[in-house]
Number of protein chains: 2
Amino acid sequence: MPYDPSDFPPFAVTVDLVVLTVRRHALCALTVRRGEEPYQGQWALPGGFVRAEEDLATAAARELAEETGLHTQESGDSHAAAHLEQLATYGDPHRDPRMRVVSVAYLVLAPDLPAPTPGGDAGGARWTPVARLLGDAVEAAERLAFDHARILADGVERARSKIEYSSLAAAFCPAEFTVGELRRVYEAVWGVALDPRNFHRKVTGTPGFLVPVGGTTTRQGGRPAQLFRAGGASALNPPMLRPEV
Amino acid sequence: MPYDPSDFPPFAVTVDLVVLTVRRHALCALTVRRGEEPYQGQWALPGGFVRAEEDLATAAARELAEETGLHTQESGDSHAAAHLEQLATYGDPHRDPRMRVVSVAYLVLAPDLPAPTPGGDAGGARWTPVARLLGDAVEAAERLAFDHARILADGVERARSKIEYSSLAAAFCPAEFTVGELRRVYEAVWGVALDPRNFHRKVTGTPGFLVPVGGTTTRQGGRPAQLFRAGGASALNPPMLRPEV
DNA sequence: GAAATAGTGTCTCTGAGACATTATATA
DNA sequence: TATATAATGTCTCAGAGACACTATTTC
């Protein structure tokens with residue numbers, strides 16, 4: 001195995017972001033409109049080149065901040081931090097018609113943002129329900145550029161399976177949330193209805209999963225609900241069971 | 001987001017392989033001795049450059065065949081095929097002191113090979129127990145080059161968690177195996193002792209997990225054991241529970 | 001015979017699913 | 001008042017863990 005820098009073919013390396021949130025009871029992904037060829041005018045996942053002296057995760061966090069203003073670390077204040085993790089890497093030789101591009105995809109789980117349309121330097125950016133991007137009969141106008149539909153599908157599947165055995169569903173909620181809000185996250189991500197009583201028993205009975213924060217809220221209507229924040233426990237054992245098995 | 005080929009910094013892209021097998025009741029990883037600087041003489045994970053017109057998974061399968069002779073597809077004969085899946089991508093700017101290298105790691109689960117030392121064009125290649133490569137006090141002579149200890153740790157963790165809820169443990173076994181042999185795989189990978197009777201009930205009671213093949217063997221000593229092959233079910237639901245929770 | 005592994009059965013307890021019921025807000 | 005959501009409780013059944021016991025081989 002000779003190892004000569006002149007031996008290896010040059011690659012471009014990018015990061016692509018699957019940014020998921022729950023809005024109006026639907027799982028949504030952040031999409032941006034492409035301003036140039038190829039796939040000009042089509043929607044795509046946000047992303048960009050990794051810089052020469054930049055780590056992959058750093059590049060993903062930078063792109064995320066540029067597109068949404070979201071940060072992945074608590075900035076001292078009480079803002080909920082988005083969760084960021086590496087998803088997978090896509091390197092088909094012809095996934096980009098211009099050159100050889102290897103893209104490292106990252107998955108971001110974010111709370112519903114106050115600003116309806118994310119700011120940043122991206123042209124048109126919007127939240128699109130994943131059902132409309134990944135359904136059986138996706139309209140041509142909604143079809144994602146490159147192999148981004150595949151990347152999005154992988155990200156959605158990762159999110160669906162990870163909230164089973166981790167406390168990551170709280171990443172979709174504001175810093176303080178109720179049991180019912182957390183349940184509606186599960187229902188939106190999985191696309192199923194969960195029994196409110198069994199759900200309540202499960203999440204409040206798991207030590208370290210939820211920490212009561214003291215107040216109550218009626219923002220969902222009905223009887224005031226206790227407010228919680230995510231506890232330190234990152235693993236959920238035994239897992240939350242996804243119905244329809 | 002201007003998108004000009006001259007904009008992007010050039011990267012080298014490699015694949016690194018975490019090839020795991022179970023030998024003599026121990027989880028082992030394939031390691032090769034480095035023949036040149038940096039880290040000359042140290043052990044490392046097998047791997048190499050991705051070619052210009054080659055898919056990432058293809059490059060991983062090619063490197064695997066070169067180093068071990070293993071194939072990832074059934075070749076028509078009854079040889080057990082190794083399992084190959086993408087693990088993660090490592091791109092710290094200084095993980096290779098010579099240039100910017102992004103490495104896509106793949107995880108391979110292989111049955112114990114008949115040949116004690118894998119062939120191929122790699123110089124010294126051998127199976128090393130992962131406990132010796134990842135323990136708390138790893139000897140200097142056993143320390144892996146680059147960030148390969150981290151990659152190996154990620155691969156081992158992936159394997160440990162995946163056999164919980166999938167039928168992948170059978171990838172460590174020959175094409176036909178007994179319940180006891182499968183149990184010893186779990187015990188080696190997890191490093192725990194499992195109750196043989198509860199294990200037997202679990203795996204034989206899960207529909208589609210094991211298919212009886214008709215014969216028996218006494219290669220483990222004792223009463224003859226029925227032979228099975230892996231069934232079509234790839235998911236194991238409910239999962240096999242890892243003790244010490 | 002002893003010793004090893006294979007295979008079946010039995011008991012108990014945790015926990016998920018399917019309900020009922022009560023509590024407290026808004027319209 | 002009706003209606004929404006929140007919170008607690010009760011029953012049943014599947015399944016994991018902890019065993020006992022029998023079966024069939026090798027030494």
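Quick note on labels: first sequence line is chain A, next is B, and so on, each numbered from 1.
Residues S161(A) and R242(A) form a side-chain contact, since some pair of their non-hydrogen atoms from C-beta on lies under 4.5 Å apart. The side-chain heavy atoms of L144(A) and Q42(A), taken from C-beta on, include no pair separated by under 4.5 Å.
Residues passing the side chain to side chain contact (heavy atoms under 4.5 Å, CB included) test with T89(B) are L56(A), Q86(A), T89(A), V104(A), Q86(B), V102(B), V104(B), sequence neighbours excluded. The side-chain hydrogen bond (donor to acceptor under 3.5 Å, both in side chains) test applied to R201(A) returns N198(A), not counting sequence neighbours. Judged as a salt bridge (charged side-chain N to carboxylate O under 4.0 Å, His left out), and not counting sequence neighbours, R184(B) has no contacts. Scanning for ring-ring contact (aromatic ring centres under 6.0 Å, His included) contacts around W190(B) gives Y186(B), with sequence neighbours left out. A search for salt bridge (charged side-chain N to carboxylate O under 4.0 Å, His left out) contacts involving R150(B) returns D154(B), not counting sequence neighbours.
Sequence neighbours left out, the pairs with a member in residues 186-196 of chain B that pass salt bridge (Lys or Arg N to Asp or Glu O under 4.0 Å) are R183(B)-E187(B), D195(B)-R197(B).
In the helix from dG1(C)-dC27(D) to dA27(C)-dT1(D), the rotation axis of the first five pairs and that of the last five pairs differ in direction by 10°, rounded to 10 degrees.
For the residue pair T128(A) / T31(A), a side-chain donor-acceptor distance below 3.5 Å is found, with atom types taken as modelled.
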Q.
Does R126(B) form a salt bridge (Lys or Arg N to Asp or Glu O under 4.0 Å) with E67(B)? I'd like the steps, not just the answer.
A. CA-CA 10 Å; R126(B) 71 170 189 190; E67(B) 309 266 9; over 6 Å; no
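Shown for residues 212-222 of chain B: residues whose heavy atoms fall under 4.0 angstrom of DNA chain D, namely G222(B).
Atom CG in L241(A) sits about 12 Å away from atom P in dA18(C), given to the nearest Å. One atom, NZ of K202(B), and another, P of dA6(C), lie 20 Å apart when rounded to the nearest Å. For the pair E164(A) CD and dA16(C) C1', the interatomic distance rounds to 14 Å; values are reported in whole Å.
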What pairs of donor and acceptor atoms, side-chain ones from residues 130-141 of chain A against any protein atom, are under 3.5 angstrom apart with sequence neighbours left out?
none

Using residues 210-219 of chain B as the side-chain source, report each donor-acceptor pair under 3.5 Å to any protein atom, sequence neighbours left out, with the distance given to one decimal.
| unit_1 | atom_1 | unit_2 | atom_2 | d |
| --- | --- | --- | --- | --- |
| T217(B) | OG1 | R219(B) | N | 3.1 |
| R219(B) | NE | E181(B) | OE2 | 2.4 |
| R219(B) | NH2 | E176(B) | O | 3.0 |
| R219(B) | NH2 | E181(B) | OE1 | 2.9 |
| R219(B) | NH2 | E181(B) | OE2 | 3.3 |

Is there any protein nitrogen or oxygen under 3.5 Å from a nitrogen or oxygen in nucleotides 7-9 of chain C, and what are the pairs?
| unit_1 | atom_1 | unit_2 | atom_2 | d |
| --- | --- | --- | --- | --- |
| dG7(C) | OP1 | Q226(B) | N | 2.8 |

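A 4.0 Å heavy-atom criterion places the boundary nucleotides of DNA chain D facing chain A at dA4(D) to dG9(D), written 5' to 3'.
The residue from L182(B), L236(B), V185(B), V189(B) that alone fulfils the side-chain contact (heavy atoms from CB on, under 4.5 Å) condition with I163(B) is V189(B).
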